[in-house]
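A short write-up of the structure that comes next.
The first residue in the sequence is number 1, and the count goes up from there.
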Amino acid sequence: MDHLPADLTRALYRHMRTARDLDTEAIALQRQGVFPAYVSVRGQEAAQVASASALDPARDFVFPTYREMASALAYGVEMVGYMATHRALWHGGLYDVAASRFGAVNAVVGGPVPHAVGWAVGERLRGDDGVALAYFGDGASSEGDVHEAMNFAGVLGAPVVFFCQNNQWALSVPNERQVAGGSVSARAEGYGMPGVLVDGNDAGAVYEATAEAVARARRGEGPTVVEALTYRVEPHSTSDDPGRYRDDAEAQRWRDRDPVTLLREALLAAGHADEALLSETDARARQEAERIRDGVASAPEPDGSELFTHVFRETTEELTRQRRTWQEEVEL
């Protein structure tokens, strides 16, 4: 970690600490009934924050799954609008996807990957030098969409970073029952691209691997698979019970390698921060998490008429009839 700039490592820690606190607040919101459901990012903050921080938000584009809250935070997305996604207030949340250059939450397993490749091919056809980063999990790596997208990107040399957060559980299915060949990154050779396996709990290692993959794509040298080996220490979602399918002792071993704690210790060891500075950072992170929590909890629900908006590019007679009926009932 001491070979990364001090300001970068401090920024990584600030984002990871804020994401950790916001994750705790989000779980509480779900328990209180504000969120119908939520998927925790705890234990994956280094993989997410460091990878997103290696991109240029002015020209690159991120295609997330449903578990990239920490990535969105580090990328500079407006977080009240982003977290509103979990309240199911509006399709894709209340933030501007195009302006943020950070895609809407995608719950289709493997779904963001072909989208990223399509954007990347279009970027090159426009003559621009942006890079797409596609997030996906170890379970998604078994989906046909991912295979087809990687093959297409390899053939066309598309500027894509395929970033796999291998948290070792595809919901209740462990790696050894659905990842052949030893690792996800090992598959990259078959698609004509390099594959890199990195410690997903080491923010510095993730940042360097992603930055090199981004630079390679920007130079026109094609895609890369980066596999960040980490662990899903919390349940798959707030409706999951991992005690039914895994030994908590394994999860505890990974909790002991907590990425936030590891980065904090590395900052102190490298002389990039002292306890006073980190305590101040922790306090500001809590304040920011609470600000976002309060903002999303109090966000107004959209007008009911938006049920009929953006369904089709051009409305239909049936949709017009339904909207008229709804309006009449509202006015009663």
Check the orientation of Y75 and F102. Use parallel for under 30°, tilted for 30 to 60°, and perpendicular for over 60°.
tilted
Counting only heavy atoms not in E301, do more than 12 sit closer than 6.0 Å to its CD atom?
no
Indicate yes or no: at least one non-hydrogen side-chain atom of F136 is less than 4.5 angstrom from one of F163.
no
Between Q178 and S142, do the side chains contain a donor N or O and an acceptor N or O under 3.5 Å apart?
yes
Over all atoms of both residues, closest heavy-atom pair of A186 and G181:
CB-O, 3.8 Å
Using only heavy-atom distances, determine whether the side chains of Y13 and D282 contain a donor-acceptor pair under 3.5 Å.
yes
Test side chain to side chain contact (heavy atoms under 4.5 Å, CB included) applied to R31 - qualifying residues, sequence neighbours left out:
I27, T238
Report the relative orientation of the aromatic rings in Y231 and W254; use parallel for angles under 30°, tilted for 30 to 60°, perpendicular for over 60°.
parallel
Is Y82 reachable from V34 through a run of I, L, V, M, F, W or Y residues, each pair having side-chain heavy atoms under 4.5 Å apart?
yes
Heavy-atom side-chain contact between V80 and L94 under 4.5 Å:
no
Quick one about S141 and R187 (side-chain donor to acceptor, distance below 3.5 Å, no hydrogens or angles considered), yes or no?
yes
Short question: side chain of D60, backbone of V131 - any donor-acceptor pair under 3.5 Å?
yes
Check: V296 main-chain N/O paired with R87 side-chain donor or acceptor under 3.5 Å:
yes
If two hydrophobic side chains count as joined below 4.5 Å and joins carry through other members, does V184 share a cluster with F162?
yes
Where do E328 and R324 land on the side chain to side chain contact (heavy atoms under 4.5 Å, CB included) test, with the steps shown first?
CA-CA 6 Å; E328 290 171 351; R324 184 168 55 248; 3.8 Å; yes
Any chance you could lay out the side chain to side chain contact (heavy atoms under 4.5 Å, CB included) test for S53 and L12, step after step, and finish with the verdict?
CA-CA 8 Å; S53 298; L12 294 176; 3.5 Å; yes
Residues E280 and R284 bridged, charged N to O under 4.0 Å
yes
Check whether any side-chain heavy atom of L197 lies under 4.5 Å from a side-chain heavy atom of N166, and answer yes or no.
no
Determine, for D258 against R20, whether the closest basic-nitrogen to carboxylate-oxygen distance falls under 4.0 angstrom.
yes
Would you find a donor on one side and an acceptor on the other, under 3.5 Å apart, between the side chain of R10 and the backbone of H272?
yes
Around atom CZ of R59, are there more than 12 heavy atoms from other residues, nucleotides or ligands closer than 6.0 Å?
yes
Is any side-chain heavy atom of R101 closer than 4.5 Å to a side-chain heavy atom of V62?
no
Testing the 3.5 Å rule here: is there a donor-acceptor pair between the side chains of S185 and E227?
yes
Same cluster (ILVMFWY, side-chain, under 4.5 Å), L319 and W326
yes
Under 3.5 Å, is there a donor-acceptor pair linking the side chains of N106 and T65?
no
As a quick check of understanding, evaluate side chain to side chain contact (heavy atoms under 4.5 Å, CB included) for T85 and F35, giving each step before the final call.
CA-CA 9 Å; T85 306; F35 290 169; over 6 Å; no
Under 4.0 Å between a side-chain nitrogen and a carboxylate oxygen: does that hold for D248 and R255?
yes
Does R264 come within less than 4.0 Å of E45, counting only side-chain N to carboxylate O?
no
Determine whether the side chains of T230 and N201 contain a donor N or O and an acceptor N or O closer than 3.5 Å.
yes
Honestly curious: do Y135 and M79 fall in one hydrophobic cluster under the side-chain, below-4.5 Å linking rule?
yes
Is the distance between the ring centroids of H147 and Y191 less than 6.0 Å?
yes
Check the side chains of E250 and Q168 for a donor-acceptor pair under 3.5 angstrom, ignoring hydrogens and angles.
no
Hydrophobic cluster identity match, L125 and F152, side-chain contacts under 4.5 Å
yes
Taking atom NE2 of H15 and atom CG of L73, what is their separation to the nearest 0.5 Å?
6.0 Å
Other residues, nucleotides and ligands only: do more than 12 of their heavy atoms fall within 6.0 Å of CZ on R126?
yes
Exam field: side chain R219 to backbone E221, donor-acceptor pair closer than 3.5 Å
no
Presence of salt bridge, R67 and D23, under 4.0 angstrom:
no
From R246 CZ over to D241 CG, what is the distance, rounded to the nearest 0.5 angstrom?
10.0 Å
Mark yes when over 12 heavy atoms from residues, nucleotides or ligands other than E317 sit less than 6.0 Å from its CD; otherwise mark no.
no
Is the H236 ring parallel, tilted or perpendicular to the Y66 ring (thresholds 30°, 60°)?
perpendicular
